[in-house]
Novice: 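Just dropping this structure here.
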Number of protein chains: 2
Amino acid sequence: MTERKRRKPGETRDKLMEAALTLVGKGRHFASLGIREVTRQAGVVPTSFYRHFRNMDDLGLQLVDELGLVLRRMMRDARANVLQAEKLMAESVAIFIRHVQDNRSFFVFMAQGLAGESRAVQEGIRSELRFFASELANDLRRLRLVDHLNDADLDLTCDLVVRTVAFSLTDLISVSADDDYQIDQIRQRTTRYLQLIFVGAAHWQTGD
Amino acid sequence: MTERKRRKPGETRDKLMEAALTLVGKGRHFASLGIREVTRQAGVVPTSFYRHFRNMDDLGLQLVDELGLVLRRMMRDARANVLQAEKLMAESVAIFIRHVQDNRSFFVFMAQGLAGESRAVQEGIRSELRFFASELANDLRRLRLVDHLNDADLDLTCDLVVRTVAFSLTDLISVSADDDYQIDQIRQRTTRYLQLIFVGAAHWQTGD
DNA sequence: CCTCCATGTGTACAGTTGTTCACTTGATGT
DNA sequence: ACATCAAGTGAACAACTGTACACATGGAGG
């Protein structure tokens with residue numbers, strides 16, 4: 001039994017997580033989902049749920065872990081494709097929006113979870129955002145675009161950027177997924193928010 | 001029947017709305033509340049609910065209306081007490097945080113509703129925030145602190161300010177209501193976000 | 001080949017849910 | 001003084017909920 005991983009790609013477990021995400025994507029709030037509802041959506045008998053999760057909060061926590069992977073993929077995508085410094089923000093926002101469209105349910109879950117019912121899920125998402133902001137700070141340091149900022153002020157700026165982009169989620173989920181015009185409006189507006197922030201960062205003097 | 005207002009201060013209706021807020025304040029998510037649960041908390045028989053609301057979404061909408069009043073009170077408070085221009089942001093954030101502490105449940109409800117289950121509630125809250133941002137723009141115009149910005153750019157700035165402050169709600173609700181140290185940290189950080197934004201606004205050139 | 005055990009199934013039960021209906025009550029406008 | 005009607009009550013219902021238990025199964029390790 002040296003290798004304790006009997007499971008093939010844990011079909012049912014994945015089906016249950018996908019089912020929860022599907023329901024969230026259909027407009028339901030995660031906090032209002034029940035075990036029976038999720039198992040029904042997954043095409044599985046209710047008792048199976050307990051083979052993989054203790055309760056809905058537990059499932060939520062494991063969704064947060066997968067959300068982390070989604071965010072990391074997005075970061076890698078951005079690092080690989082944001083080439084010209086002068087279009088940095090426009091391109092980053094475009095990549096963000098593309099990933100939101102490709103993983104809508106995940107990001108809706110994230111937006112819900114920030115003010116959700118489970119403390120643990122809340123904290124998990126907040127910690128993902130903190131990590132994202134710190135990675136962003138590293139990248140900016142490496143690109144040497146913000147040399148006049150000390151570490152604390154750079155962190156402040158990156159936090160604000162991440163928050164601003166995260167708040168745009170609430171805009172994105174309030175328009176239908178195929179309303180290209182509105183989505184483009186949100187993209188432009190978010191880009192300008194970031195530009196405003198970076199103009200601020202460029203003229204920021206550490207002592208207030 | 002020229003005056004159709006028989007109701008004395010609609011006791012039960014208010015009790016129901018307060019009960020929902022109380023449950024939200026205790027950590028429950030609005031989307032997971034049921035009619036029976038709310039009536040139980042209000043000390044009222046379940047059928048009474050239907051005398052005042054069609055369903056939980058309806059109650060949510062009426063809560064949004066009251067939330068509007070809370071926000072307007074806060075605005076009035078800010079206008080009356082923010083005296084010195086150079087402390088404008090620090091004082092405004094302080095007033096915001098004080099009102100959040102005095103109406104915790106309302107603001108938790110607002111944070112939840114932004115990514116909530118009911119489209120109508122979502123839109124209601126978003127519209128309150130838009131209104132708030134436009135009032136803020138008016139005030140800033142009157143104070144003539146941002147004369148170099150055209151209307152569109154001033155709106156952009158105020159939107160960003162409101163979003164930033166709104167996002168701080170998720171920080172505030174994640175710390176216990178009497179953890180003065182953490183709350184003060186959030187206050188300072190939010191203030192610096194706003195300062196960063198206004199430094200950006202001060203150096204903003206309309207054509208990008 | 002046999003045994004084990006993680007995974008999945010079917011049945012069952014008590015508690016809760018939303019909503020209905022017929023009933024009481026008490027303040028109101030005339 | 002009286003009729004009216006919004007507001008509140010209590011009992012009832014079928015549908016659904018979370019969870020427990022005993023059982024089936026099939027692939028892995030010996």
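The basis for the numbers below is simple: all heavy atoms, side chains too, and nothing from hydrogens, waters or symmetry mates. Convention: sequence-line order gives letters A, B, ...; per-chain numbering from 1.
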Novice: Please give, in whole Å, the distance from dC16(D) C1' to Glu37(A) CD?
Specialist: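 Value for this atom pair: 11 Å.
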Novice: Taking CG from Leu16(B) and P from dT9(D), how many angstroms apart are they, rounded to a whole number?
Specialist: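 One finds 10 Å between P of dT9(D) and CG of Leu16(B), rounded.
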Novice: Without placing hydrogens or testing angles, list every side-chain donor-acceptor pair under 3.5 Å for residues 57-64 of chain A, not counting sequence neighbours.
Specialist:
{"residue": "Asp58(A)", "atom": "OD2", "partner": "Arg54(A)", "partner atom": "N", "Å": "3.0"}
{"residue": "Gln62(A)", "atom": "OE1", "partner": "Arg13(A)", "partner atom": "NH1", "Å": "2.2"}

Novice: Counting only side-chain heavy atoms from C-beta out, which of dG10(D), dT7(C), dG10(C) sits nearest to Val45(A)?
Specialist: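 Output: dG10(C).
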Novice: List the steps and the verdict of salt bridge (charged side-chain N to carboxylate O under 4.0 Å, His left out) for Arg192(A) and Asp153(B).
Specialist: CA-CA 10 Å; Arg192(A) 266 184 270 138; Asp153(B) 290 336; 5.5 Å; no
Novice: Does the side chain of His52(A) get closer than 4.0 angstrom to OP1 or OP2 of dG8(C) through an N or O atom?
Specialist: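 Yes, His52(A) has a side-chain N/O under 4.0 Å of OP1/OP2 on dG8(C).
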Novice: Answer yes or no: is there an ion pair linking Glu135(A) with Arg79(A), defined by an N-O contact shorter than 4.0 Å?
Specialist: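 Counted as a salt bridge, because a side-chain N and a carboxylate O are separated by less than 4.0 Å.
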Novice: Where along nucleotides 19-25 of chain D does protein come under 4.0 Å, by heavy atom, of base (B) or sugar-phosphate alone (S), with - for untouched nucleotides?
Specialist: BBB----
Novice: dT17(D), OP1 or OP2 - any side-chain N/O from Arg40(A) closer than 4.0 Å?
Specialist: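 Yes, such a contact exists.
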Novice: Salt bridge or not between Glu123(A) and Arg130(A)? Use side-chain N to carboxylate O under 4.0 Å.
Specialist: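 Yes, this pair counts.
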Novice: List the residues meeting side-chain hydrogen bond (donor to acceptor under 3.5 Å, both in side chains) with Gln122(B), not counting sequence neighbours, and say none if there are none.
Specialist: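 With sequence neighbours excluded, Gln122(B) shows a side-chain hydrogen bond (donor to acceptor under 3.5 Å, both in side chains) to no residue whatsoever.
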Novice: Rounding to a whole Å, what distance do you find between Leu33(A):CG and dT17(D):C1'?
Specialist: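 Checked: the CG to C1' distance equals 14 Å.
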Novice: Using a distance-only test with no angle check, is there a side-chain donor-acceptor pair under 3.5 angstrom linking Ser32(B) and Arg28(B)?
Specialist: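 The criterion, which ignores hydrogens and geometry beyond distance, is satisfied for Arg28(B) and Ser32(B).
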Novice: For the residue pair Gln185(B) and Arg189(B), establish whether any side-chain heavy-atom pair is separated by less than 4.5 Å.
Specialist: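 No, their side chains stay 4.5 Å or more apart.
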Novice: Could you give the side-chain donor-acceptor pairs of residues 165-176 of chain A under 3.5 Å, partners two or more places apart or in another chain?
Specialist:
{"residue": "Ser168(A)", "atom": "OG", "partner": "Thr164(A)", "partner atom": "O", "Å": "3.2"}
{"residue": "Ser168(A)", "atom": "OG", "partner": "Thr190(A)", "partner atom": "OG1", "Å": "2.9"}
{"residue": "Thr170(A)", "atom": "OG1", "partner": "Phe167(A)", "partner atom": "O", "Å": "2.7"}
{"residue": "Asp171(A)", "atom": "OD1", "partner": "Arg126(B)", "partner atom": "NH1", "Å": "3.0"}
{"residue": "Asp171(A)", "atom": "OD1", "partner": "Arg126(B)", "partner atom": "NH2", "Å": "3.1"}
{"residue": "Asp171(A)", "atom": "OD1", "partner": "Arg163(B)", "partner atom": "NH2", "Å": "3.1"}
{"residue": "Asp171(A)", "atom": "OD2", "partner": "Arg163(B)", "partner atom": "NH1", "Å": "3.0"}
{"residue": "Asp171(A)", "atom": "OD2", "partner": "Arg163(B)", "partner atom": "NH2", "Å": "2.5"}
{"residue": "Ser174(A)", "atom": "OG", "partner": "Asp171(A)", "partner atom": "O", "Å": "2.9"}
{"residue": "Ser176(A)", "atom": "OG", "partner": "Asp178(A)", "partner atom": "OD1", "Å": "2.8"}

Novice: Measuring to OP1 and OP2 of dT9(D), would you say a side-chain N or O of Ser48(B) lies under 4.0 angstrom away?
Specialist: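 Yes, such a contact exists.
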Novice: Find the distance Glu11(A):CD to dG27(D):P and express it as a whole number of Å.
Specialist: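 In whole Å, dG27(D) P lies 12 Å from Glu11(A) CD.
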Novice: Check DNA chain D against residues 17-30 of chain B and give the residues with a non-hydrogen atom under 4.0 Å, in numerical order.
Specialist: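 DNA chain D contact set from residues 17-30 of chain B: none.
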Novice: What integer distance in Å separates Phe49(A):CZ from dT17(D):P?
Specialist: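 The answer, rounded to whole Å, is 13 Å.
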Novice: In whole Å, what is the span from the CG atom of Asp14(B) to the P atom of dA7(D)?
Specialist: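 Taking atom P of dA7(D) as the reference, CG of Asp14(B) is at 12 Å.
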Novice: Tell me, which pairs form a ring-ring contact (aromatic ring centres under 6.0 Å, His included) where one or both residues lie in residues 53-82 of chain A, sequence neighbours left out?
Specialist: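 ring-ring contact (aromatic ring centres under 6.0 Å, His included) check on residues 53-82 of chain A returns Phe49(A)-Phe53(A).
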Novice: Of Gly43(B) and Met56(A), whose nearest nucleotide on DNA chain D comes first from the 5' end?
Specialist: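 The answer here is Gly43(B).
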